Amino acid sequence: MQTEILVLSFISGVLVLFPLPWYCRAGNIAAMSIGIWLFVVNTINAIDALRWTGTYQIPSLIWCDITSALITAVNVAIPAACLCICIHLERMASFCQSSTSITKRRRILLECLICFGVPLVYAALHIIVQPRRFDVYENFGCRSAIYPSVATLFVVWIPPLALSFLTIFFAGITWRHFLLHGVQFSRTRTSSSLTSGAYIRLVSMAISEVICTIVATVVAMSFNLSSGLAPWAADFTRDLTEVLSFSSAATPKPITAMLITEWAILIAQSFFFVGLFVLGEEGRSRLYEALQVMRRAFSFCGRRSTCIGELKGTCITERYVSLYR
């Protein structure tokens, strides 16, 4: 399983970078943030799968502190970004949004705050229900520890669910506005980078991403609450110097299943993000250009190694001849 985690996480991390230049030119900060968060967490999963294969020792406490916080933050980052996308598209389809530079700048700042600031605050608030520094699992790496209580419901699991359902609500309103004003939208956006096809793909991508978030959150809740809610005041103790390490044999099977499910859902979110972008003409052309650049890079490396080999052979031959002159 470790090979699959390493390879698929690395491939997903590379693929989610392809749409970012197009979203950057379009000024779509929310969609860019989804790609950035997916790239970061896929890279973490790939490194952890390589580093913790067959071991559960801790090479760096700082690395585990950072990665466990980022993995926690992505649970809110993706639905928050999808909510920004749907709100923006709803205002565009209902023709309520002005296109002045001040409005655009204000929207970009607000989306940066929601897509990056809110997830970091969410990860920081996780310490409220964190009984120890983190947990380390063999073959998977570091994860934030959770104390399953009523407070955990409101701090950890309700925020991503609330953002996801809000996204679905605004997506429904967005579809309604698009169906009512589709022809007018197509005429007014003919010169814009956001065509009707791109509009539909963005809404579909947002819905797909939040459905994956809902599934991941429900799975995490079901596994962590399998033994019921623990009392908050009586049994909760916090020791941020404590770290628990679990070998693969000592890791409970439900925890292993949860970790694999969360990883698989992240891979699915990455492929939804890339796949719906590639369905468009712009996406296909960008992917073709990227593949051509990669092909030229590999061919250049191959020619360079061949030339170096030929030059080394020439030098050796010349030196060999000069010794006998």
Side-chain angles (χ1 to χ4, degrees), residues 12 15-42 73-94 96-97 104 107-108 110-119 122 158-182 185 189 192-218 265-280 282-283 286:
S12 300
L15 288 178
V16 295
L17 295 177
F18 288 146
L20 295 189
W22 186 80
Y23 288 133
C24 182
R25 288 196 304 272
N28 195 336
I29 302 299
M32 283 181 60
S33 71
I34 295 176
I36 292 171
W37 282 107
L38 289 174
F39 168 75
V40 169
V41 179
N42 276 307
V74 79
N75 296 327
V76 156
I78 291 179
C82 292
L83 179 60
C84 290
I85 290 173
C86 288
I87 290 175
H88 176 56
L89 294 178
E90 187 273 332
R91 292 180 65 83
M92 291 180 62
S94 60
C96 295
Q97 179 170 289
K104 184 177 181 180
R107 177 181 63 82
I108 289 174
L110 182 61
E111 288 185 355
C112 287
L113 179 64
I114 294 175
C115 297
F116 296 103
V118 170
Y122 169 79
I158 288 182
L161 288 177
L163 289 171
S164 298
F165 286 117
L166 271 175
T167 301
I168 293 174
F169 172 75
F170 274 98
I173 298 176
T174 301
W175 276 114
R176 178 177 177 276
H177 283 310
F178 183 75
L179 292 175
L180 290 175
H181 309 290
F185 181 87
R189 296 288 170 179
S192 173
S193 59
L194 185 64
T195 60
S196 297
Y199 183 96
I200 294 172
R201 287 191 299 273
L202 279 173
V203 177
S204 302
M205 185 264 289
I207 294 174
S208 303
E209 297 288 342
V210 296
I211 288 175
C212 290
T213 298
I214 292 171
V215 173
T217 305
V218 171
I265 290 174
L266 186 73
I267 297 297
Q269 288 178 311
S270 302
F271 279 92
F272 278 130
F273 179 74
V274 178
L276 289 169
F277 173 76
V278 172
L279 286 177
E282 175 73 14
R286 292 299 174 189

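Everything quoted here is computed from the prediction, not taken from an experiment.
In this structure, the separation between CH2 on Trp175 and SG on Cys86 is 10.0 Å, given to the nearest 0.5 Å. Rounding to the nearest 0.5 Å gives a distance of 12.0 Å between OG of Ser164 and CD1 of Ile207. Within the model, atoms CD of Glu209 and SG of Cys212 stand 6.0 Å from one another, a figure rounded to the nearest 0.5 Å. Within the model, atoms CD1 of Ile265 and OG of Ser270 stand 12.0 Å from one another, a figure rounded to the nearest 0.5 Å.
In this structure Ser208 satisfies the side chain to side chain contact (heavy atoms under 4.5 Å, CB included) test together with Phe272, Leu276, sequence neighbours excluded. Leu110 meets the side chain to side chain contact (heavy atoms under 4.5 Å, CB included) test with Ile114; sequence neighbours excluded. Applying the salt bridge (charged side-chain N to carboxylate O under 4.0 Å, His left out) criterion to Glu111, with sequence neighbours excluded, gives Arg107.
The minimum heavy-atom distance between Ala31 and Asn28, with the atom names listed, is N-OD1, 3.1 Å. The two atoms that bring Asn75 and Pro160 nearest to each other are O-CB, 3.4 Å, heavy atoms only. Nearest heavy-atom pair, Ala30 versus Cys84, reported as atom, atom and distance to 0.1 Å: CB-CB, 3.8 Å. Contact between Cys112 and Ile29 at its shortest, heavy atoms only, is SG-CG2, 3.7 Å. The minimum heavy-atom distance between Ala73 and Tyr122, with the atom names listed, is CA-CD2, 4.2 Å. Taking every heavy atom of both residues into account, Ile78 and Gln269 meet most closely at CD1-OE1, 3.7 Å.
The shortest distance between side-chain heavy atoms of Ile36 and Phe116 falls below 4.5 Å. Taking the side chain as every heavy atom from C-beta outward, Phe170 and Leu89 never approach each other to under 4.5 Å.
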task: Please assess His88 against Leu202 for the test side-chain contact (heavy atoms from CB on, under 4.5 Å), listing each intermediate value before the final yes or no.
output: CA-CA 11 Å; His88 176 56; Leu202 279 173; over 6 Å; no
task: Give the intermediate values and the outcome of side-chain contact (heavy atoms from CB on, under 4.5 Å) for residues Thr174 and Ile87.
output: CA-CA 8 Å; Thr174 301; Ile87 290 175; over 6 Å; no
message: Apply side-chain contact (heavy atoms from CB on, under 4.5 Å) to residues Leu38 and Leu266 and explain how you reach the verdict.
response: CA-CA 8 Å; Leu38 289 174; Leu266 186 73; 3.6 Å; yes
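In this structure, Tyr23 and Phe273 have tilted ring planes: the angle between them lies in the 30° to 60° band.
Under the side-chain contact (heavy atoms from CB on, under 4.5 Å) test applied with Leu163, the options Thr213, Ile168, Leu83, Val210 reduce to a single match, Leu83.
Trp37 places a side-chain N or O within donor-acceptor distance of the main-chain N or O of Cys115, the cut-off being under 3.5 Å.
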